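To start, the structure under review is shown below, and the notes come after it.
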Protein chains: 4
Amino acid sequence: MYITIDERDNRPIYHQVADGIKTLIAAGELRKGSTLPPVRQVAADLGVNQNTVAAAYRELQKEGLIRVRHGSGAKVVSQVLANKDDERAEERLRAVLADLVLSGRTRSEVLTLVNEALTRLARA
Amino acid sequence: MYITIDERDNRPIYHQVADGIKTLIAAGELRKGSTLPPVRQVAADLGVNQNTVAAAYRELQKEGLIRVRHGSGAKVVSQVLANKDDERAEERLRAVLADLVLSGRTRSEVLTLVNEALTRLARA
Amino acid sequence: MYITIDERDNRPIYHQVADGIKTLIAAGELRKGSTLPPVRQVAADLGVNQNTVAAAYRELQKEGLIRVRHGSGAKVVSQVLANKDDERAEERLRAVLADLVLSGRTRSEVLTLVNEALTRLARA
Amino acid sequence: MYITIDERDNRPIYHQVADGIKTLIAAGELRKGSTLPPVRQVAADLGVNQNTVAAAYRELQKEGLIRVRHGSGAKVVSQVLANKDDERAEERLRAVLADLVLSGRTRSEVLTLVNEALTRLARA
DNA sequence: GTGGTCTAGACCACG
DNA sequence: GTGGTCTAGACCACC
């Protein structure tokens with residue numbers, strides 16, 4: 001599991017964990033039916049509290065990507081988000097692109113970044 | 001000021017305001033030397049608390065885009081972000097792209113969204 | 001045994017099993033003196049862990065409905081719950097009814113559901 | 001706010017709190033636009049931890065009934081559950097009715113309970 | 001003032 | 001073994 005936590009990142013840790021797993025699902029590294037590692041293990045690996053990882057799993061379950069069952073762990077049940085609109089992904093996309101442009105990148109540099117990122121996402 | 005506040009957007013309001021202004025700067029509608037409208041006016045226009053708009057301005061000042069002076073309002077002083085938080089922006093880009101892919105969009109659909117957004121940003 | 005396990009049901013599996021058997025008892029399909037099928041068989045039929053079915057039997061025994069004996073299987077010994085947890089049941093009833101109302105059902109629709117359910121329970 | 005916590009109730013506390021508020025919404029005591037009391041106040045009133053109440057609010061938000069915003073509290077935004085199917089309300093109804101019947105109540109006694117409960121729910 | 005996040009650690013529930 | 005709940009308390013973010 002290649003998830004990284006960035007202290008300087010404004011996003012809360014549990015969000016970063018969830019996003020990391022979402023990326024793995026989008027990239028096809030975690031397919032429908034795959035079992036996620038135990039909460040405790042992820043917590044130990046990343047050096048964060050178990051509750052924090054549990055919050056990430058809860059988040060993913062809320063979005064319909066995984067199914068968490070009490071004694072038997074978490075499993076990927078879908079590769080499609082349930083609430084497409086709630087997250088306002090397009091709006092966030094615009095904001096991020098504005099940031100990249102404001103950091104001095106040219107249009108083609110931004111497009112290169114986007115293409116590189118998309119290439120890693122199998123289903124795209 | 002063409003800024004909109006979306007109730008359903010999960011981002012905090014002050015963030016939405018700051019992002020709106022950043023987009024205007026990136027698009028060239030607000031150039032170096034331009035004066036931003038008074039906090040009170042923006043607050044009234046958007047129907048939000050003055051403190052919220054003030055927080056947005058503070059954020060923009062922290063990023064080096066504007067300069068806020070007591071009595072003389074806020075002015076755009078740069079069109080380039082001061083913070084070199086490139087990695088964080090790229091990380092957020094990846095997360096947003098993963099969300100778009102997980103919401104069922106194909107690679108070309110995502111690229112269309114990106115191009116549309118970039119076209120509105122003059123400097124890109 | 002007409003018990004079904006619903007993956008989408010939030011109740012724990014052992015609870016679903018116990019409730020299924022309780023419904024059979026309430027409906028009179030399992031009468032005082034009847035023998036329940038062996039844990040292994042139920043587990044195999046439903047495709048769940050034996051421990052899970054055992055937990056359900058334990059629950060039913062705790063409520064005074066069945067008697068589990070090593071070697072001789074489980075037998076229905078009563079058609080009346082031992083625990084006087086009436087208030088808790090009523091509280092749960094209120095919560096479920098609130099949910100049904102909040103899901104948009106009218107009073108008469110709810111009453112229809114209730115009547116249908118009661119009709120299947122012989123002793124009612 | 002007439003919410004009660006029952007130690008003997010099997011449901012987790014945060015669930016009992018959420019159910020209590022749902023009942024108030026279903027009964028029309030909390031209408032669309034109403035503001036919920038602060039997390040801290042509810043926590044103090046009920047004698048539970050703030051995190052527990054926060055979990056209840058999160059639950060209600062997930063179900064689409066309230067909208068929680070950072071600095072400005074929680075507000076009722078809908079009187080209809082967003083995820084009607086996820087909760088399997090009808091299945092839980094059958095289980096509760098079976099319990100009431102098994103506790104020795106006749107059909108008419110159960111119907112009286114149901115009617116009393118529904119009478120308190122305005123929208124029913 | 002409001003809610004959100006995170007931690008440490010205890011204890012419970014499920015399979 | 002797995003995840004869930006709850007607590008106490010600290011600190012942060014938002015309006």
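Below, each value reflects all heavy atoms present in this structure, side chains not excepted, and no hydrogens, waters or symmetry copies. Please read these numbers as outputs of a predicted model, since none were measured by experiment. Chain letters run A, B, ... following the sequence lines, proteins first, then strands; residues in each count from 1.
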**Nearest-0.5 Å distance that lies between atom CG in C:Leu81 and atom CG in C:Leu60** = 9.5 Å
**Request:** Using whole Å, report how far CZ of A:Arg40 lies from P of E:dG9.
**Result:** 14 Å
**Request:** Output all residues satisfying side chain to side chain donor-acceptor pair (under 3.5 Å) with D:Arg11, sequence neighbours left out; order by chain, then residue number.
**Result:** D:Asp9, D:Asp19
**Fill in**
Contact check, residues 67-78 of chain A vs DNA chain E, heavy-atom distance under 4.0 Å, returns A:His70, A:Gly71
**Fill in**
Sorted by chain and residue number, the side chain to side chain donor-acceptor pair (under 3.5 Å) partners of D:Glu91 (sequence neighbours excluded) come out as D:Arg94
**Request:** Tell me, please, which residues at least two apart from B:Ala74 pass side chain to side chain contact (heavy atoms under 4.5 Å, CB included).
**Result:** B:Leu36, B:Tyr57, B:Ile66, B:Val68
**Asked** Who are the salt bridge (Lys or Arg N to Asp or Glu O under 4.0 Å) partners of B:Asp6, not counting sequence neighbours?
**Response** A:Arg88, B:Arg8
**Request:** For C:Ser34, check side chain to side chain contact (heavy atoms under 4.5 Å, CB included) against everything at least two apart and list the hits.
**Result:** C:Leu30, C:Arg31, C:Val76
**Message:** D:Pro12: which residues meet the side chain to side chain contact (heavy atoms under 4.5 Å, CB included) condition with it, sequence neighbours left out?
**Reply:** D:Tyr14, D:His15
**Request:** For D:Asp99, check side chain to side chain donor-acceptor pair (under 3.5 Å) against everything at least two apart and list the hits.
**Result:** C:Lys22, C:Arg92
**Request:** Whenever both distances are under 3.5 Å in a Watson-Crick or G-U wobble pair, mark it; put DNA chain F into dot-bracket that way, with [ ] for crossing pairs and | when the partner is on another strand.
**Result:** ||||||||||||||.
**Asked** Atom CD1 of A:Ile66 and atom C1' of F:dT2: how far apart are they, to the nearest Å?
**Response** 13 Å
**Request:** To the nearest Å, give me how far apart CD (B:Gln16) and C1' (F:dC15) are.
**Result:** 13 Å
**Request:** State, yes or no, whether a side-chain contact exists between B:Ile3 and B:Leu46 at a heavy-atom distance under 4.5 Å.
**Result:** yes
**Counterpart residues, side chain to side chain donor-acceptor pair (under 3.5 Å), relative to A:Arg40 (two or more places apart)** = none
**Message:** In the structure I gave you, are the side-chain heavy atoms of D:Val48 and D:Val53 within less than 4.5 Å of one another anywhere?
**Reply:** yes
Find every protein N or O atom lying less than 3.5 Å from an N or O atom of nucleotides 5-8 of chain F, and list the pairs.
| residue | atom | partner | partner atom | Å |
| --- | --- | --- | --- | --- |
| F:dT5 | OP1 | D:Tyr14 | OH | 2.7 |
| F:dC6 | OP1 | D:Ile13 | N | 2.2 |
| F:dC6 | OP2 | D:Tyr14 | N | 3.4 |
| F:dT7 | OP2 | D:Asn49 | N | 3.0 |
| F:dT7 | OP2 | D:Thr52 | OG1 | 2.5 |
| F:dA8 | N7 | D:Asn49 | ND2 | 2.9 |
| F:dA8 | N6 | D:Asn51 | ND2 | 2.6 |

**Message:** In whole Å, I'd like the distance from the CG atom of C:Asn10 to the P atom of F:dG4.
**Reply:** 11 Å
**Atom pair distance, as rounded to whole Å: CG in C:Asp19 and P in E:dC14** = 12 Å
